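Just so it is clear, the values below take in all heavy atoms, side chains as well, and ignore hydrogens, waters and symmetry mates. Numbers restart at 1 for each chain; the letters A, B, ... are given by sequence-line order, proteins then strands. Since we're looking at a predicted model, the values are computed, not measured.
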Amino acid sequence: MPDRFLRRRTAEVAKTLLGCVWCYQDHRGATNEPDRWVGGLIVETEAYLPADDLASHSARGPTRSNRSMFAAAGTLYVYPIHAKHCANIVTEPAGLGAAVLVRGLQPVWGIERMRRRRGQAELRKLTRGPGMICQAMALDRRHDGSDIKQSPRWRLARGVDADDFRVIATRRIGIGAEKDADRLLRFFIDGNRFVSGKAGDHSRRPTEQLDG
DNA sequence: CACGCGATTGCCT
DNA sequence: GGCAATCGCGTGC
C-alpha cells in the first residue's frame with residue numbers, strides 16, 4: 001500500500017481500508033507452524049479526525065499515551081481500555097493527530113493461533129470488535145508507535161475489490177452525546193459477519209462473506 | 001497518591 | 001437489551 005494512501009483524509013482512508021488485507025507476522029507462534037501470519041480482511045473501521053473531533057484521543061493535544069497518533073501515517077496507535085487494547089492506523093500528514101480504528105476483521109491467516117489466544121473456537125467470536133482483534137493478534141502497548149510501512153513483519157495490501165461489497169456509514173460506537181456523536185464516521189461492509197455491535201446493526205441484508 | 005472513567009466484552013435476564 | 005468486571009491513565013487534592 002503506497003504511503004499516499006494513508007496520508008489522505010481520515011474518513012476517506014477509513015472507508016477505503018474496507019476489504020484490505022491487514023496482517024502481522026508474529027514470531028511468538030510455535031516453530032513448527034507453517035503459517036506465521038495472523039490477520040485477515042478489514043471489514044469495519046472508525047475515523048478519528050485531526051481537528052474539531054471531540055471523540056478523538058488527540059482532541060486535547062499530545063500526551064504520553066497518545067503521542068503515536070501524532071506520528072507519521074502508517075504508525076500504529078495501540079491504547080488500553082477496559083483491560084483490553086484497541087489498534088489504530090495513523091493517517092494524514094504527521095503532527096495532525098488522526099487515525100483509523102480497526103473494529104472488525106474477517107480472519108484469514110493464523111486462525112488456530114487466534115483461537116488459542118481468544119480461548120474461543122467459534123470463528124465469529126475471534127475478531128468481531130477492536131478488543132478481540134488485539135487479543136487475537138496479540139497486540140498491546142508494545143506495538144504502540146511501530147510503523148507498519150517500515151516493518152517487514154506487517155502487511156497492509158489491497159484485498160477484495162470495492163465493487164464487490166456495499167459500504168454502510170453510521171455513528172461511531174461508544175461515543176457520548178457531548179462528543180461529536182452524530183457524525184457518520186464508522187464504516188463497515190454491509191452484511192459481513194465480522195462487523196461488531198448488536199445484530200441488525202451490521203446485518204442490513206443477509207449477504208454472504210467475502211471471497212478471496 | 002486517590003479517584004473516576006472509558007473508541008469493550010461477555011454473561012445474565 | 002442491560003450491566004458488571006477490570007485496569008491504565010488523566011485529573012486534582
Just to verify, what does Arg115(A) make a salt bridge (Lys or Arg N to Asp or Glu O under 4.0 Å) with, not counting sequence neighbours? Glu112(A)
Counting only non-hydrogen atoms, which of residues 59-68 of chain A are less than 4.0 Å from DNA chain C? Arg60(A), Thr63(A), Ser65(A)
List, by chain and then residue number, the residues other than Leu49(A) in its hydrophobic cluster (Ile/Leu/Val/Met/Phe/Trp/Tyr, side-chain heavy atoms under 4.5 Å); write none if there are no others. Leu185(A)
Could you say whether Ile81(A) or Lys84(A) is positioned toward the 5' end of DNA chain B, judged by the nucleotide with the nearest heavy atom to each? Ile81(A)
Between P on dA7(B) and CD on Glu44(A), what's the gap in Å once rounded to a whole number? 15 Å
Listing, residues 72-81 of chain A side-chain donor-acceptor contacts under 3.5 Å, not counting sequence neighbours, or none:
unit_1: Thr75(A); atom_1: OG1; unit_2: Ala72(A); atom_2: O; d: 2.7
unit_1: Tyr77(A); atom_1: OH; unit_2: His57(A); atom_2: ND1; d: 2.8

Starting from Met132(A), can I reach Ile89(A) by hopping between I/L/V/M/F/W/Y residues whose side chains sit under 4.5 Å apart? no
Establish, for the pair Arg8(A) and Phe5(A), whether the NZ or CZ atom is under 6.0 angstrom from the six-membered ring centre and no further than 45 degrees off its axis. yes
side-chain contact (heavy atoms from CB on, under 4.5 Å) involving Ala98(A) - partner list, sequence neighbours excluded: Thr10(A), Pro50(A), Thr91(A), Glu92(A)
Could you state the atom-to-atom distance from CZ of Arg172(A) to P of dT8(B) in whole Å? 12 Å
Separation of Leu54(A) atom CG from dG6(B) atom P, in whole Å? 14 Å
Do Leu6(A) and Met69(A) share a hydrophobic cluster, counting only Ile, Leu, Val, Met, Phe, Trp and Tyr and linking them when any side-chain heavy atoms are less than 4.5 Å apart? no
Would you please name every residue forming a side-chain contact (heavy atoms from CB on, under 4.5 Å) with Ala55(A), sequence neighbours left out? Tyr48(A), Asp53(A), Arg172(A), Ile175(A), Lys179(A)
Could you tell me how far apart His85(A) (NE2) and dG6(B) (C1') are, to the nearest whole angstrom? 14 Å
Would you call His85(A) and Leu139(A) a side-chain contact if the rule is heavy atoms closer than 4.5 Å? no
By ring-ring contact (aromatic ring centres under 6.0 Å, His included) - contacts of Trp154(A) (at least two apart): Trp22(A), Tyr24(A)
Go through DNA chain C in 5' to 3' direction and return only the first and the last nucleotide with some atom under 4.0 Å of chain A's heavy atoms. dT6(C) to dT11(C)
For dA7(B), does OP1 or OP2 lie under 4.0 Å from any side-chain N or O of Arg171(A)? no
What's Lys179(A) touching, base or sugar-phosphate or nothing? Going by heavy atoms closer than 4.0 Å. sugar-phosphate
Quick one, Glu44(A) and Phe194(A) - any side-chain contact, counting heavy atoms below 4.5 Å? no
Anything below 3.5 Å on both distances counts as a pair; with that, list the stems of at least three consecutive Watson-Crick or G-U pairs involving DNA chain C. B:1-6 with C:7-12, B:8-12 with C:1-5
Would you check if Val160(A) and Leu41(A) make a side-chain contact, meaning some heavy-atom pair closer than 4.5 Å? yes
Could you state the CG-C1' distance from Leu49(A) to dA7(B), rounded to the nearest angstrom? 13 Å
Nearest-Å distance, OH (Tyr79(A)) to C1' (dG6(B))? 8 Å
Taking only residues two or more places apart in sequence or in another chain, which ones pass side-chain contact (heavy atoms from CB on, under 4.5 Å) with Lys84(A)? none
Output the rounded distance in Å from CG (Asp182(A)) to C1' (dA7(B)). 16 Å
Measure from the ring centre of Tyr48(A) to the centre of the six-membered ring in the base of dA7(B), then say whether that distance is under 5.5 Å and the planes meet at under 30°. yes
Hey, does the side chain of His82(A) come within less than 4.0 Å of dG6(B)'s phosphate (OP1/OP2), counting only N and O? no
Please list, pair by pair, any protein nitrogen or oxygen found under 3.5 Å from a nitrogen or oxygen in nucleotides 11-13 of chain B.
none

Ile175(A) has an atom CD1; how far is it from atom C1' of dA7(B), in whole Å? 5 Å
List the residues meeting salt bridge (Lys or Arg N to Asp or Glu O under 4.0 Å) with Glu122(A), not counting sequence neighbours, and say none if there are none. Lys125(A)
